[in-house]
There are 2 protein chains.
Amino acid sequence: MPKEARPSTGEQAKQHALTQLRQAILQGDMAPAQRLVENELAEQFDVTRASIRAALIDLAAEGLVERIRNRGSRVRVVTVEEAVAITECRMVLEGLCAAKAAVAASDEQLTELTDLGRAMTKAVADGEPVTYSELNSELHHKVREFSGQQTAVALLERLNAQLVRHRFQLALRPGRPQQSLSQHLAMIETITARDPQAAEAAVRAHLTSVIAALRD
Amino acid sequence: MPKEARPSTGEQAKQHALTQLRQAILQGDMAPAQRLVENELAEQFDVTRASIRAALIDLAAEGLVERIRNRGSRVRVVTVEEAVAITECRMVLEGLCAAKAAVAASDEQLTELTDLGRAMTKAVADGEPVTYSELNSELHHKVREFSGQQTAVALLERLNAQLVRHRFQLALRPGRPQQSLSQHLAMIETITARDPQAAEAAVRAHLTSVIAALRD
DNA sequence: CCAAACAAGATTGTCAACAATTTCGTCCGC
DNA sequence: GCGGACGAAATTGTTGACAATCTTGTTTGG
């Protein structure tokens, strides 16, 4: 059994580096458009440069970083226009997932959704935007999970990863939670009612509102 | 100026290898589930193993090949279920593109579509399924292009790459062209009428029919 | 005769040094 | 004082060799 405390060297160092780096970017530890120097990252995460390199290539494929030949890597900045385009894709794909979930989810899973709806209502009433934002993510995640649509889920995860900054910014806007709560509850209602078309429409209405908010 | 006749060594050898390999897979030169040995491919394409390796990693990110640790790469086989799931995603994303295209396309571009529709009608009347299949791809491609939705287009290209085998199989089925022609013409009509909702509905109807056909 | 262990071959994963390219500071000529 | 060119430092890209791992064929004991 190899010592796991210091995964500096190769076995799954790449995976380690990739996970660390991805989370660092998603949490905003790296400033937008910041240069990512391979040597620095290698020393920082205590892995070899090759591992960092492989991780950066993977992240570039995910759209989280941008690589320019002989010029290095930067964290990719998503313009508002791109964020809108991405959210439009999210809209149709999550609509598909919701419609599927309305048909495929089990009764226990539908109960989870109604519980989540109550928790979200409470979070808004108590004026806790952070909690609400977390529950929001959980709701979207559960809908995707219940749909059983692996392909769409994979695509959505990639798309969402590129939006963390804009999303975060949006969640803290005053008055926004109240505005989106009713839309979220409508999503839950239509899915638990096992009405695919209504569920898709509800998701679309919600994300159309998100797009409008994104545009300021 | 370096000699371009023998791009064996590294500069853009990776790109060369990647393109070659991708086309080989898409054209079906590689049997499904065939093992892809890095050394063999390196010799076959006359590039270094590192280039082949990088190309395989990229193709894995595209979903065209499957990589298992210490066990090599294989061309990924898409089951019918997966093909259906992928086509469902295509359905909503192409629906989005069609709706966008109905609004964003220029008048010249709409003319291209009507011309394409006439050509498709003629191909069916003349009983040329191969020509029809090519025009079919061209139509879908143009709709995506005219939408201006870069994100959706990128996702769709990835999805379509995984379906070539099933698509090919489907196009040669007797009676299928006649069946899909009217749906394609409906797509063209609704887009040229600049009616986003009808265009999306037409695309969905078409791909719903494709899904049904996929299931045999 | 069969099963399990073993060994040889093949294949992929990793690493460290080297080469190519870009960037930035400096110097020279005008 | 200013523009362009040269050169050094920094950074990425590539190569070849080595190590780890898996597969396959053979042998040995029951």
Side-chain angles (χ1 to χ4, degrees), chain A residues 1-21 24-25 30-76, chain B residues 1-21 24-25 30-76:
Chain A
M1 184 179 181
K3 47 184 174 185
E4 296 183 19
R6 188 176 178 275
S8 67
T9 172
E11 193 165 354
Q12 29 190 297
K14 183 175 68 184
Q15 289 300 323
H16 181 80
L18 195 150
T19 307
Q20 289 261 23
L21 239 180
I25 294 177
M30 308 288 190
Q34 174 173 347
R35 271 195 81 188
L36 300 174
V37 179
E38 296 181 356
N39 272 326
E40 292 178 8
L41 296 175
E43 191 174 358
Q44 181 176 339
F45 293 142
D46 198 15
V47 296
T48 64
R49 190 163 78 94
S51 302
I52 289 290
R53 190 179 185 72
L56 286 174
I57 290 175
D58 281 16
L59 289 175
E62 288 180 33
L64 279 176
V65 308
E66 204 176 11
R67 286 173 60 82
I68 312 174
R69 180 183 173 86
N70 287 323
R71 243 183 265 195
S73 314
R74 313 152 90 85
V75 320
R76 179 155 166 264
Chain B
M1 184 178 181
K3 47 183 173 183
E4 296 182 20
R6 188 175 176 276
S8 66
T9 172
E11 198 173 283
Q12 30 189 299
K14 181 176 71 184
Q15 289 301 322
H16 181 79
L18 195 149
T19 307
Q20 289 261 21
L21 241 180
I25 294 177
M30 309 287 191
Q34 174 172 346
R35 270 194 82 186
L36 300 174
V37 179
E38 296 181 358
N39 272 327
E40 291 177 10
L41 296 174
E43 190 174 357
Q44 181 177 339
F45 293 143
D46 198 16
V47 296
T48 64
R49 189 163 78 94
S51 301
I52 289 289
R53 191 180 184 72
L56 286 174
I57 290 176
D58 281 16
L59 288 176
E62 287 181 33
L64 279 177
V65 306
E66 203 177 11
R67 288 172 58 84
I68 313 174
R69 181 184 171 86
N70 286 323
R71 240 184 269 192
S73 313
R74 309 147 92 86
V75 321
R76 180 156 166 262

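In what follows, chains carry the letters A, B, and so on, assigned in the order in which the sequence lines appear, proteins first and then strands, with residues in each chain numbered from 1.
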Taking atom [atom2] of [N] as reference, at what distance in whole Å does atom [atom1] of [X] sit?
X	N	atom1	atom2	answer
A/L56	D/dT12	CG	P	9 Å
A/E43	D/dT11	CD	P	12 Å
A/R74	C/dT23	CZ	C1'	13 Å
B/Q15	D/dG13	CD	P	12 Å

Let me see the working for B/L21 and B/M30 under side chain to side chain contact (heavy atoms under 4.5 Å, CB included), right down to the final yes or no. CA-CA 9 Å; B/L21 241 180; B/M30 309 287 191; 4.1 Å; yes
Tell me if a side-chain donor or acceptor on A/R49 pairs with a main-chain N or O of A/E38 at a distance below 3.5 Å. no
OP1 or OP2 of C/dT14 versus the side-chain N and O atoms of A/T48: is any pair under 4.0 Å? no
Shortest non-hydrogen contact between A/R74 and A/L36, atoms and distance: C-CD1, 4.2 Å
Correct closest heavy-atom pair for A/V47 and A/I52 would be CG2-CG1, 3.7 Å
Write out a two-atom table: protein N or O, nucleotide N or O from nucleotides 5-12 of chain C, distance below 3.5 Å.
{"residue": "C/dT12", "atom": "OP1", "partner": "B/L36", "partner atom": "O", "Å": "3.4"}
{"residue": "C/dT12", "atom": "OP1", "partner": "B/E38", "partner atom": "N", "Å": "3.4"}
{"residue": "C/dT12", "atom": "OP2", "partner": "B/E38", "partner atom": "N", "Å": "3.3"}

Determine whether A/L56 and A/R53 satisfy the following criterion, side chain to side chain contact (heavy atoms under 4.5 Å, CB included), listing intermediate values before the conclusion. CA-CA 5 Å; A/L56 286 174; A/R53 190 179 185 72; 5.8 Å; no
For A/R35, all residues meeting side-chain hydrogen bond (donor to acceptor under 3.5 Å, both in side chains), sequence neighbours excluded: none
